[in-house]
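To start, the structure under review is shown below, and the notes come after it.
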Amino acid sequence: MPTKPYGLNELREMFLKFFETKGHLRLPSFSLIPQNDASLLLINSGMAPMKPFFTGEQEPPRHRVTTCQKCIRTGDIENIGHTARHGTYFEMLGNFSFGDYFKTEAIHWAWEFLTSPEWVGLDPNRLYPSVFAGNETTPADDEAFRIWNEEIGIPADHIFKFGKEDNFWEHGSGPCGPCSEIYYDRGEQWGCGKPGCTVGCDCDRYIEVWNVVFSQFDNDGENHYTELKQKNIDTGMGLERLACVCQDVASLFDVDTVMNITNKVSEITHAHYGETAAKDVSLRVITDHIRSATFMICDGVLPSNEGRGYVLRRLLRRAARHGKLLGVNDPFLYEVCDTVIHENEGHYPELRERQDYITKVIRTEEENFARTIDGG
Ligand code: SER
C-alpha cells in the first residue's frame with residue numbers, strides 16, 4: 001500500500017483543509033450548469049465557473065480560493081468502462097490564485113500536500129513532475145523546471161518535458177497557460193511491460209494526478225492569445241484518481257464510494273465484477289452514468305432532445321441499455337440513485353433534499369425509454 005488507504009470523502013476534506021491552512025477561502029462546488037458561459041454545455045473543470053475571476057472582470061470573494069468541483073466530461077464516453085481512468089462524472093480538487101501567488105507557492109504546496117506524512121504521504125520517489133517544453137509561440141517553462149529541481153530537489157532526470165498537447169492547458173476559449181503535471185508511479189504490476197514504458201505512457205502505471213496551470217493567457221476561442229492582466233494559478237486534481245492511488249486499487253471504479261454504487265448495481269442485476277469482461281464494462285457504464293445523471297438532475301437538468309438535456313438522456317439510456325445486457329428489463333436506475341445519494345450526501349446535502357425529485361425524473365425517463373423500445 002503506497003500510503004494510508006484514505007477514503008474518497010476523507011481525501012476531499014483533507015485537500016480543502018490543507019488549502020485553508022494556506023489562506024484559501026473554501027467555496028462549495030458550483031452548479032454543473034454553466035452560468036453566463038455559452039462556450040460550455042456542462043462544467044468540466046474546477047476553473048470553468050470562475051473564468052471572470054481569472055480575467056479580472058469580476059472581483060473574487062478572496063484572491064485564494066479552494067474548491068471540490070463536480071465535473072462532467074463526455075468526450076470519452078465510448079471509453080467508459082474499458083479503461084481505469086475514464087469516467088463522465090468526476091470531482092476536481094483545486095486551489096486557485098487570482099493575481100495572488102504564482103509558480104513557487106503552487107509547486108511547493110502541491111508537493112507538500114502529496115508527500116508530507118501529515119497529509120497524503122505519498123512516496124516522493126514515485127512522483128514525477130512534468131513541465132512545458134516550449135514551442136514556436138511560447139518559450140519552455142525553465143522557471144517551473146528550476147523550482148522542481150533546485151527548490152524541491154527533484155533530480156533532473158525525474159522531471160519530464162512535454163509539448164503543448166500535455167503541458168499547455170486550455171479548453172475552448174478563456175484563461176489558459178503552460179502547466180506542470182504530477183505523475184505517480186503505481187509500480188510495475190500496473191504497467192504494460194513494453195521497453196519504452198515511462199511517464200507519459202498510455203498504460204495504467206504512471207498516472208497523472210495533479211495539473212498545475214500557470215494561467216496567464218486568454219484564448220479568444222480562435223487561438224489568438226493575449227496576456228491576462230494578472231497571473232493566476234489554476235490547479236486540478238481528480239479526486240477519484242487520487243483515491244485510486246491512495247487505495248492502490250485497479251481503477252476509479254474500485255474506489256470505496258464508487259464501488260459501493262457498483263455493489264448496488266450487482267445486487268439488482270446479479271452480475272458481479274470479474275465474471276466476464278463484458279459484464280464488467282456494463283457494470284462500470286451503469287455506475288458512471290448514474291453518478292452523472294444524479295448530479296445533473298440535482299442541479300436542474302432535465303432529459304430532453306437538445307443540449308444538456310440530451311447529454312442526460314443519452315447517459316440514462318446508455319445505462320438502461322447496459323442494464324438490459326445484464327438481463328434487467330424493468331426500471332432499476334432510480335433505485336441505484338439512492339446509493340449515489342448516500343455516498344455523497346456528506347459533502348452535497350442538496351442530494352438528499354432533492355432525492356424524491358431526482359428519483360422521479362430518472363424513473364420517468366426509464367419508463368419512457370422502455371415504452372419507446374417496446375413500441376419499436
Ligand atoms: N484546468 C486544469 C484542468 O482541468 C487544472 O484545473 O486540468
Side-chain angles (χ1 to χ4, degrees), residues 11-12 15-16 18-19 22 24 26-27 29-30 32 34 37 39-55 60 63-76 85-103 105-107 109-111 113-114 129-132 138 141 144 160 162-184 199-200 206-219 221 225 228 230-242 244-245 252:
L11 286 166
R12 185 199 293 111
F15 181 92
L16 297 169
F18 175 82
F19 280 100
K22 306 291 183 198
H24 291 63
R26 180 198 295 223
L27 291 181
S29 172
F30 290 81
L32 281 165
D37 184 353
S39 73
L40 282 180
L41 267 190
L42 290 158
I43 291 300
N44 60 2
S45 63
M47 66 78 73
M50 294 192 274
K51 284 181 188 172
F53 300 156
F54 285 92
T55 56
H63 286 259
R64 298 178 181 190
V65 162
T66 182
T67 60
C68 177
Q69 175 64 46
K70 301 172 267 191
C71 296
I72 293 195
R73 288 186 189 175
T74 53
D76 284 323
R85 289 174 300 224
H86 293 104
T88 59
Y89 177 81
F90 62 99
E91 292 176 63
M92 192 178 273
L93 300 165
N95 57 288
F96 307 95
S97 154
F98 309 114
D100 188 43
Y101 62 87
F102 201 46
K103 289 184 191 182
E105 292 88 338
I107 289 177
W109 290 339
W111 190 252
F113 181 71
L114 287 180
S130 69
V131 299
F132 182 52
T138 317
D141 196 348
F160 285 73
F162 293 131
K164 195 164 177 189
E165 208 171 291
D166 294 292
N167 278 74
F168 191 97
W169 195 86
E170 60 188 335
H171 229 125
S173 60
C176 57
C179 59
S180 197
E181 298 187 316
I182 305 175
Y183 291 82
Y184 180 77
V199 172
Y206 298 93
I207 179 164
E208 180 215 320
V209 289
W210 206 331
N211 188 12
V212 181
V213 184
F214 312 119
S215 186
Q216 59 199 94
F217 300 110
D218 188 48
N219 180 344
Y225 299 92
L228 286 171
Q230 58 190 39
K231 288 186 175 171
N232 309 287
I233 289 293
D234 153 28
T235 77
M237 176 153 62
L239 175 57
E240 292 83 351
R241 277 198 194 179
L242 178 65
C244 186
V245 162
L252 68 88

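Count residues from 1 along the sequence. Remember, it's 1-based here, ligands and their atoms both numbered in the order they're listed.
- K164 and E170 are joined by a salt bridge, as a carboxylate oxygen and a charged side-chain nitrogen come within less than 4.0 angstrom of each other.
- A search for salt bridge (Lys or Arg N to Asp or Glu O under 4.0 Å) contacts involving D234 returns nothing, not counting sequence neighbours.
- Contact residues for ligand 1 (protein heavy atom closer than 4.0 angstrom to any ligand atom): S45, M47, R73, M92, W169, N211, V213, D234, T235, G236.
- In this structure, F53 has its ring center closer than 6.0 angstrom to the ring center of F98.
- Under the rule for a salt bridge (Lys or Arg N to Asp or Glu O under 4.0 Å), R73 has no partner lying at least two apart in sequence or in another chain.
- Salt bridge annotation for K70-E91: absent, with no cationic side-chain nitrogen under 4.0 angstrom from a carboxylate oxygen.
- With sequence neighbours left out, the side-chain hydrogen bond (donor to acceptor under 3.5 Å, both in side chains) criterion links D218 to no other residue.
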